[in-house]
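Along the sequence shown, the residues carry numbers beginning at 1.
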Amino acid sequence: MPTSSMPLPSALDAATQTFPTLSATHVARLRNGAKVRKVEPGEVLFKPNDIDVPFFVLLSGEMEIVQPTIDGERPIVKHGPGAFTGELSMISGQRCLVTGRVTEPGEFLEIPQESLRNIVARDAELGEIFMRAFILRRVALISKGMGNVVILGSRHCANTLRLREFLSRNGHPYGYIDLDVDKTAQALLDRFEVKTGDVPVVICNGKTVLRNPTPLQLADCLGLNVSIDQAVVRDLIIVGAGPSGLAAAVYAASEGLDALVVETEAPGGQAGSSSKIENYLGFPTGVSGQELSNRALAQAQKFGAHMMIAHGVVQLKCSKRPYEVVLDNGTTLAARAIVISTGAQYNKPPIANLKKFEGQGIYYGATYIESQLCEDEEVIVVGGGNSAGQAAVYLSQTARKVYMLVRSGQLSDTMSRYLIQRITDNPKIEMHYKTEIVGLDGGMQLEQVSWIDRVTGETSTHDVRHVFIMAGASPRTEWLQGCIALDDKGFILTGRDLDAATGLVPPSVWPLTRAPQMLETSLPGVFAVGDVRAGNVKRVASAVGEGAISIHLVHRALAEL
């Protein structure tokens, strides 16, 4: 073989999977329902903020994909014959992130988004090619910080951390400028007339400047919910996008139900912030909570489920069906059935100054962002459950030392055996049983932590700037008061548990002649799954199972209407 010859790219090569070339057979299968469009150089087929962008397959000619910035454009890729456009926004229905411009004349196949979703669901081979490419393209945008939003902030600012986590956990690419280290950032601040007190500053879509926005304001600016029709009466609303809610969304959408997921923060719930889940079926080397959540969300959207981000549900109107949920902005959404999967939130211990240092030394999740903040420093993890154990092991990779504080005298009752072994064998992790934090001190940032050993009564103070609290959990059920029966801790009673709680649920509350189904609440057609349900098993696998089972029960409830 001549030395100048190059081997053909492997079909397994990452670049080939990200930007594959369709065969003539593939293109022929796409022609049904598509139209052939003649294109000319300079023609812009789509640009950032466009919605419902068509899917294009190049038959001939060429085009370039670029991303506008405040200083010009950044090239992403050039497409030739056999290539196709799009990334995950093509499936999620969110606004476009890039510009597509024709560079050589030719003919393109133009396919509407809805038709593309039908192809992905119907044609297994093409669906796999497209979904893999869309996911890998989004991953590339995230890794290179090539999004339609730039955050100018400080690692010592709690609101900066909150916005970065919001975008990261929602899989939205963004650029980040650290004002503490970037000497050129001041020119950018001057350009947009930003004062120090406005930090964090967000430049949205290259032109809109948001000063210290809330996640909801950022979501609205980016149009993350632009494709949601709030007037339609849906088959199902799923409140909460933890593992159980995402599983319900996948099975509901794949079985033809019109399903909407409403999530306050980001997909995954508590599991979404787990650094590595190693006891989930099918992942022998483990999987991060965020990766699992993002895959599940893409899977649900592939089948047609819709996702509303950064909105909380504050009330359930339960007097008649369709039921209505009221959002934090006053908007109401109607559905014939509801699955509640709002999970539980970590309890906040009664420590003075706790709120002052939240996001500035006190954290409730251990993701990549937090791990970089405490590199080569000492940290504290509070809690004795699996989430705390996973956080301690993960943080030990970057931290100098991890103190693990547990109120009980052992871990075996609350933590998986494999995690206990990992912690015991890790020289960087120091266990302290029957120990609690009693004091926090510092200026703008946490600087010192005091804890007490309940056995000896000794209190000690340590120069620690980062504390991760993952102890206990309380359900998010305040919005259900007056509609659904709860136990004495606020968890939702379902199925047979309703019979045992006669003091809470008089017989007159249940209006049907049949008994409540297994995961059904005291309100017919409303189901509870995952950590919010009384008697749940706190494992990701069981939450996913409950979410899947709930859809079978939803079908039964809908058949009664």
Side-chain angles (χ1 to χ4, degrees), residues 169 240 242-244 265 268-281 283 286-290 292-293 341-351 354 358 362-367 370-371 379-397 399 402-426 428-437 451 454 466-477 487 489-491 529-546:
R169 290 190 59 189
S244 58
E265 297 170 359
Q270 282 188 13
S273 63
S274 295
S275 53
K276 182 178 279 192
I277 303 169
E278 294 191 68
N279 59 351
Y280 185 64
L281 184 68
F283 292 88
V287 60
S288 75
Q290 183 170 337
L292 184 65
S293 303
S341 56
T342 47
Q345 56 194 352
Y346 291 119
N347 293 332
K348 297 182 180 182
I351 306 171
L354 183 70
E358 287 180 340
I362 299 294
Y363 316 104
Y364 299 97
T367 68
E370 286 90 1
S371 71
V379 304
I380 294 172
V381 175
V382 178
N386 277 352
S387 294
Q390 290 162 353
V393 172
Y394 177 64
L395 292 168
S396 69
Q397 299 174 21
V402 179
Y403 298 100
M404 196 164 183
L405 310 186
V406 183
R407 287 200 305 172
S408 66
Q410 60 182 5
L411 294 174
S412 58
D413 294 337
T414 55
M415 188 180 294
S416 297
R417 184 175 178 180
Y418 81 92
L419 268 178
I420 296 174
Q421 191 66 45
R422 291 271 179 86
I423 291 168
T424 303
D425 294 343
N426 193 322
K428 284 189 172 183
I429 301 177
E430 183 176 305
M431 286 297 310
H432 291 265
Y433 294 105
K434 295 186 179 298
T435 302
E436 299 176 51
I437 293 177
W451 69 61
R454 294 297 184 186
H466 306 282
V467 176
F468 296 82
I469 297 178
M470 300 174 179
S474 299
R476 301 173 178 177
T477 54
D487 70 6
K489 295 181 180 178
F491 291 91
V529 294
D531 286 356
V532 74
R533 189 178 66 83
N536 72 89
V537 179
K538 290 178 171 54
R539 292 290 184 270
V540 173
S542 63
V544 169
E546 288 186 11

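Between Y280 and A541, the shortest heavy-atom contact is CE1-CA, 3.7 Å. Nearest approach of N426 to S396, heavy atoms of both residues: ND2-OG, 3.0 Å. The nearest pair of heavy atoms linking G389 to I423 is CA-CD1, 3.8 Å. Nearest heavy atom pair, residue D487 against residue A534, reads OD2-CB, 3.7 Å. Minimum heavy-atom separation, S542 to V537: OG-O, 2.6 Å. A473 and Q270 get closest at one heavy-atom pair: CB-NE2, 4.4 Å.
Using the six-membered ring where Trp is involved, H432 and W451 have ring planes that are tilted, between 30° and 60° apart.
Using a distance-only test at 3.5 Å, with no hydrogens or angles considered, no donor-acceptor pair links the side chain of R533 to the main chain of S341. Side chain of E278 to main chain of G286: no donor-acceptor pair is present (N/O by atom type, distance under 3.5 Å, no hydrogens or angles). Using a distance-only test at 3.5 Å, with no hydrogens or angles considered, a donor-acceptor pair links the side chain of K428 to the main chain of A399.
Distance check: S387 OG to F468 CZ gives 13.5 Å after rounding to the nearest 0.5 Å. The CG atom of L354 lies 5.5 Å from the CD1 atom of I362; values are rounded to the nearest 0.5 Å. Atom CZ of residue R539 and atom CG of residue N279 lie 6.5 Å apart, to the nearest 0.5 angstrom. Taking CE of M404 as the start and OH of Y433 as the end, the distance is 8.0 Å to the nearest 0.5 Å. Taking CD1 of I277 as the reference point, atom OG of S416 lies at 11.0 Å (rounded to 0.5 Å). Interatomic distance, D531 CG to Q345 CD, rounded to the nearest 0.5 Å: 12.0 Å.
Heavy-atom neighbours of R407 CZ from other residues, nucleotides or ligands within 6.0 Å: at or below the threshold of 12.
In this structure the side chain of M431 reaches within 4.5 angstrom of the side chain of L411, judged on heavy atoms. Side-chain atoms of F283 and L292, non-hydrogen and from C-beta on, do get closer than 4.5 Å to each other. Counting only heavy atoms from C-beta outward, the side chains of Q390 and L419 approach each other to under 4.5 Å. I469 places none of its side-chain heavy atoms less than 4.5 Å from the side chain of K348.
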